[in-house]
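Report on the structure given below.
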Amino acid sequence: MNITDKNIKMWRTVGPRATYGLAIMELAKFEENLVVVTSDTSTSAGLDRFKKKYTDRYFDIGIAEQNTLGVSAGLASEGLITFVSTFAPFQTLRC
């Protein structure tokens with residue numbers, strides 16, 4: 001995998017949420033087993049591009065954080081690389 005200096009410089013200027021989405025897009029080019037599981041946070045986590053390009057690798061569970069982590073664990077147990085996205089208070093307190 002080759003993350004260039006150009007990528008890193010751009011990521012520093014767009015903010016953490018957009019950087020997360022852009023980095024996931026870059027990783028997805030190299031990892032066919034990479035999936036994203038989210039609790040209705042595609043826009044706020046910068047995942048809209050990923051959602052449009054990799055529709056078969058994007059799972060929006062809705063506002064159900066407990067279930068989101070359960071689905072992610074199941075996908076990971078089948079060999080997929082899972083990235084979970086939700087808001088920190090919900091992930092830590094609801095799950």
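Computed from a predicted structure; not experimentally measured.
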Original post:
Sequence neighbours excluded, which residues qualify as side chain to side chain donor-acceptor pair (under 3.5 Å) partners of K53?
Top reply: none

Original post:
Do you know which two heavy atoms are closest between S39 and D60, and how far apart they sit?
Top reply: C-OD1, 4.0 Å

Subject >> Closest approach of G62 to T68 (non-hydrogen atoms, all atoms of both residues) >> reply: O-OG1, 4.3 Å

Subject >> Heavy-atom pair with the smallest gap, counting every atom of V84 and S72 >> reply: CG2-OG, 3.1 Å

Original post:
Is the backbone N or O of L34 less than 3.5 Å from a side-chain atom of R57, with the two atoms forming a donor-acceptor pair by type?
Top reply: yes

**OP:** Working to the nearest 0.5 Å, report the span between OG of S42 and CG of D48.
**Re:** 4.5 Å

Original post:
Taking the side chain from S85 and the backbone from T38, do they hold a donor-acceptor pair closer than 3.5 Å?
Top reply: no

Subject >> Which residues share a side chain to side chain contact (heavy atoms under 4.5 Å, CB included) with N33, sequence neighbours left out >> reply: L80

Original post:
Linking I/L/V/M/F/W/Y whenever their side-chain heavy atoms sit closer than 4.5 Å, directly or via other members, would F83 and L75 fall into one cluster?
Top reply: no

Original post:
Do the non-hydrogen side-chain atoms of L47 and V36 ever get within less than 4.5 Å of each other?
Top reply: yes

Subject >> Separation of T43 OG1 from K51 NZ (nearest 0.5 Å) >> reply: 6.5 Å

Original post:
Pairs in or reaching into residues 34-53: which pass ring pair (Phe, Tyr, Trp, His ring centres under 6.0 Å), with residues at least two apart or in two chains?
Top reply: F50-Y54

**OP:** Find out if a path of hydrophobic residues (ILVMFWY) with successive side-chain heavy-atom gaps under 4.5 Å connects Y58 to I81.
**Re:** yes

Original post:
Would you say the side-chain atoms of T41 pair up with the backbone N or O of S44, donor to acceptor, closer than 3.5 Å?
Top reply: no

Subject >> Check against side-chain contact (heavy atoms from CB on, under 4.5 Å), I24 and R49 >> reply: CA-CA 10 Å; I24 295 284; R49 288 183 188 101; over 6 Å; no

